[in-house]
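Below you'll find the structure, written out as structure tokens, and then a few comments.
Because only heavy atoms are used, hydrogens play no part in the values below, and waters and symmetry mates are left out as well, while side chains stay in. Counting starts at 1 for both ligands and their atoms, following the listed order.
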Amino acid sequence: MDKNVTIIDATQLSQVNPSLRDPVEYRKSGLSLNHIVGCPLDCSYCVRHLFGNFDQRKPQALMTDEQAFEQFISHRYFQPHITPIQLFNRATDPMLPEVKPHTHNLLRLLDLAGLTNNVLVITRWRVTSEDCKRFNALKNIKLTILVTYSGIDDPKVEPIKSSIAVNSLRLLFKHAQRYRTVLYWRPIVPGLNDSDQHIARAAQLAKHAHATVFSGLFYRKEIAQHYQSQGIPEPYTSTARRKLLPLEEEQRLLRIYQSQAPDTPIFRKTSCGVAYAHQQPDYNGHFGITELCSTCPSAQYSTCKTAWKKPDETLLSNLCRSLGAEGEPVITDRSIIVRGLDEQRRYFMQHTLGYQVHDADKPHHYDRHGRAEAQRNIL
Ligand code: SF4
């Protein structure tokens, strides 16, 4: 364990938000390992607001890397060579100076175990040539470094300069041999960072990435409360469970981006960008949600089409029963619809079958996948 991040004691652990105490959690793009908690970067829209952890600025470890690794690979939903893995994407940035040694150590442990899973590392912080060298030395895992870039220059919304992410992405792309790098263009907020000039800057930057993924703002109640308490203008009049980006905004953005960066495809979904970068089918089975594929290059589309199969009904029924679903699942051309399974079990099913799994009680509508509707405020 690196001496820069201390392991918290039992008394401190009891004060950690219960939802952060378990370091392994299934999130949308994969099984996520988060045994280091705390971040000084202060992005106003950070998901740590949801865990009541925003004020913890100093990263601390819940356990050693080796303990976390053991807990991760023995997790009931971890499948070697199948489960997509995410490191430190819930409560810290993996490339902060004191967190970085742990990121490299975890990558090394996963790689030494001979695992070939996709591993996603998302950062907005500094990456060095030495980091790139270490990423390239990994032999087994399929590593993607996603660099979060927004182009927002209001320090109240985002105190960290976007130039840091720009430099990291350029360096990562220049040195990439065994890993891939993605421009993670987010959050896009109407009126704040979606002007033609903002889009042109992102399109220029995309020339230094294997793929681009864009998304809107995750505007939950806790984040809205922070905006109100800090006097930050609220971009929307209501909050939502899914990310926000009005359809007409999306279409304009895509039109401008594609005319200026035709050689770097842009995707709506993280897993699609990762899939394209590694020339593999989308592990989240988004191919069934056909309207998501409108920006995808034809060779990648064929890769997904070949791999995408409706699951065998008996196999699916048995899996649903073993996970505790209510009633029988429904299989459509787009997704499997189940009832009574929480997110973790639905994502486990999704990655096992390579087919979207939706909750009957939270229906997805055509052309609204992962997109919430809300009225924007004029900023
Ligand atoms: S074909 Fe569709 S599902 Fe596959 S990577 Fe492209 S956008 Fe994603």
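Ring centroids of H102 and F88 are separated by 6.0 Å or more, keeping the two rings apart. Checked against a 6.0 Å centroid threshold, the rings of Y276 and F267 count as neighbours. In this structure, F287 has its ring center closer than 6.0 angstrom to the ring center of Y301.
The nearest heavy-atom contact from the protein to atom 8 (Fe) of ligand 1 is C272 SG, 2.4 Å. The shortest contact between atom 4 (Fe) of ligand 1 and any protein heavy atom is with C304 SG, 2.3 Å. Among all protein heavy atoms, the one lying closest to atom 3 (S) of ligand 1 is F287 N, 3.3 Å.
Ring pair H104/F135 is tilted by interplanar angle, where 30° to 60° counts as tilted.
Of all atoms in ligand 1, numbered sequentially from 1 with element shown, those under 4.0 Å from a heavy atom of H286 are 3 (S). Near Y301, with a cut-off below 4.0 Å to any heavy atom, the atoms of ligand 1 are 1 (S).
Figure legend: cation-pi geometry between R345 and F348 absent, as NZ or CZ is not positioned both under 6.0 Å from the six-membered ring centre and within 45° of its axis.
Residue contacts to atom 4 (Fe) of ligand 1: C296 brings no N, O or S atom closer than 2.8 Å. One of the N, O or S atoms belonging to C293 lies under 2.8 Å away from atom 2 (Fe) of ligand 1.
Rounding to the nearest 0.5 Å gives a distance of 9.5 Å between OG1 of T144 and CD1 of I141.
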